[in-house]
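Presented below is the structure to which this report refers.
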Amino acid sequence: MIKNAIVPVAGLGTRLLPATKSQPKEMLPVAKKPIVQYVVEELAASGVREILFITGRGKSSIENHFDHDPNLLASLNSTSKEELIEELEFEKLKTHFLYTRQSVQRGLGDAILCGEPFVGHDPFTVALGDSIIGLQGQSRICARMSEVYEQHQAAAVIAVEPVSDEQVSLYGVVKPETDGDVFTIGDLVEKPPAGKAPSNLAIVGRYVFAPVIFDMIRHVKPDKRGEIQLTEAIRMLCETGRRVMGVKLAPGEHRYDIGNYQSYFETFIEFALADPQHGPRLRERLKKLLERD
Ligand code: G1P
């Protein structure tokens, strides 16, 4: 089981302005919880015990969220709001948090490189802090990827899901060399133009890596926006004959990408409808609103 994870949260979130002007996009709520809490709970359920956040300026509320707050607890206890204490259950996760900053925005590959001293010689998971996998984040994908990593002695394992032809240009896209739900990847392209994608299998923001990925990242040249792309580094793993495996999300393990308002709104509504306490009434209200149209 892989114990270490890197969660990059340094992105500026400009596609979600104005909501992200003074708060990280990873802290936007989806139903009751901030996005990044789903990511952390997913990792903890997969056996991860140490999480390194790669942060940037304006991201300190993430650190505050995962810290114990004795004053809040004391206040809830003293004002007979004990039932609200349940909402802070996640503070008891057996996960240890570390934080480091990517001072200059040089892309996802560069952000991951900031985690090299944390990882040492062990394999590690990368989970993007703005993507939730599975309804309410209930996904076992990272545990499955860690099994595939060991079984295939891979240098990297990448989670993917099929997307429509219009969406391939938004993501990294893999070229499978074998069939099945677990397959060998021969090549990858970051955000291919429509019609040029090697498949419709898009990278969903969950990866397992051997530390050799850091050597590859160091060799990646910045793209035309000055960014060091992680996809390029994985591509180098393929080119140098290392084994790179793909794992498809299981049925029902849809990836919720909170990178733009359309998918943010859709995800919020779906998760709120699934809330056992508030979902049923919200459903009624939505039905009424829709009938009005
Ligand atoms: C990044 C990766 C891309 C991946 C995507 C998943 O892109 O570079 O390969 O498909 O995350 O969300 P970004 O969304 O940061 O532009």
Side-chain angles (χ1 to χ4, degrees), residues 5-16 20 24-26 28 30 35-36 38-39 42 53-56 59 102 105-115 125-134 137 139 141-142 145 156-176 185 187-194 196-209 213 216-217 220-238 244 246-249 253-264 266-267:
I6 297 180
V7 178
V9 289
L12 295 177
T14 42
R15 278 177 292 168
L16 292 169
T20 51
K25 69 172 166 181
E26 297 81 7
L28 292 179
V30 168
I35 297 160
V36 68
Y38 293 99
V39 177
E42 176 203 325
F53 287 98
I54 312 293
T55 72
K59 301 277 180 171
Q102 183 193 29
Q105 293 281 313
R106 272 198 229 101
L108 182 58
D110 181 70
I112 302 306
L113 195 53
C114 298
T125 299
V126 170
L128 302 192
D130 62 0
S131 288
I132 303 172
I133 312 282
S139 167
I141 186 69
C142 290
M145 291 165 76
V157 183
I158 301 167
V160 297
E161 81 171 344
V163 297
S164 66
D165 291 348
E166 300 82 67
Q167 284 192 311
V168 283
S169 57
L170 301 175
Y171 299 113
V173 178
V174 304
K175 180 178 180 197
I185 293 175
D187 199 4
L188 308 89
V189 195
E190 181 66 13
K191 306 198 173 90
K196 293 267 167 64
S199 77
N200 69 336
L201 294 174
I203 300 173
V204 300
R206 297 293 182 274
Y207 312 80
V208 168
F209 290 119
I213 190 69
M216 302 296 128
I217 296 174
V220 173
K221 300 228 161 40
D223 66 10
K224 46 185 187 303
R225 294 169 57 206
E227 296 198 348
I228 307 288
Q229 292 297 346
L230 182 60
T231 304
E232 271 310 302
I234 306 169
R235 196 162 182 225
M236 283 183 187
L237 289 175
C238 296
V244 177
V247 178
K248 289 184 194 161
L249 296 187
E253 273 189 341
H254 172 63
R255 177 278 272 274
Y256 299 88
D257 176 8
I258 324 285
N260 60 70
Y261 273 115
Q262 185 64 37
S263 67
Y264 176 52
E266 288 173 9
T267 306

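Every number for a ligand or one of its atoms is a count from 1 in the order of the listing.
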Atom 12 (O) of ligand 1: closest protein heavy atom, distance to 0.1 Å, is R255 NH1, 3.2 Å
Can you classify the ring geometry of H254 versus Y256 as parallel (below 30°), tilted (30 to 60°) or perpendicular (above 60°)?
perpendicular
Mind checking whether L230 has a heavy atom under 4.0 Å from ligand 1?
no
Mark up the atoms of ligand 1 that fall under 4.0 Å of a heavy atom belonging to G172, in ascending order.
3 (C), 4 (C), 9 (O), 10 (O)
among protein heavy atoms, the one nearest atom 2 (C) of ligand 1 is E190 OE2, 3.6 Å
For a 4.5 angstrom cut-off between non-hydrogen side-chain atoms, does I217 reach D110?
no
From the options V7, T20, V9, V39, select the one residue that forms a side-chain contact (heavy atoms from CB on, under 4.5 Å) with E26.
V9
Specify the protein heavy atom at minimum distance from atom 4 (C) of ligand 1: its residue, its atom name, and the distance to 0.1 Å.
I203 O, 3.6 Å
Counting distance only, does the side-chain N/O of S169 pair as donor-acceptor with the main-chain N or O of A194 below 3.5 Å?
no
Distance to 0.1 Å, residue and atom name: give those for the protein heavy atom nearest to atom 11 (O) of ligand 1.
L128 CD1, 3.3 Å
Distance filter under 4.0 Å to T231 heavy atoms, resulting ligand 1 atoms
9 (O)
Would you kindly say whether S139 and E42 are connected by a side-chain donor-acceptor distance under 3.5 Å?
no
Suppose we measure from atom 15 (O) of ligand 1 to each protein heavy atom; which comes out shortest, and what is that distance?
K191 NZ, 4.6 Å
If you define the side chain from C-beta out and look only at heavy atoms, does anything of C142 sit under 4.5 Å from V208?
no
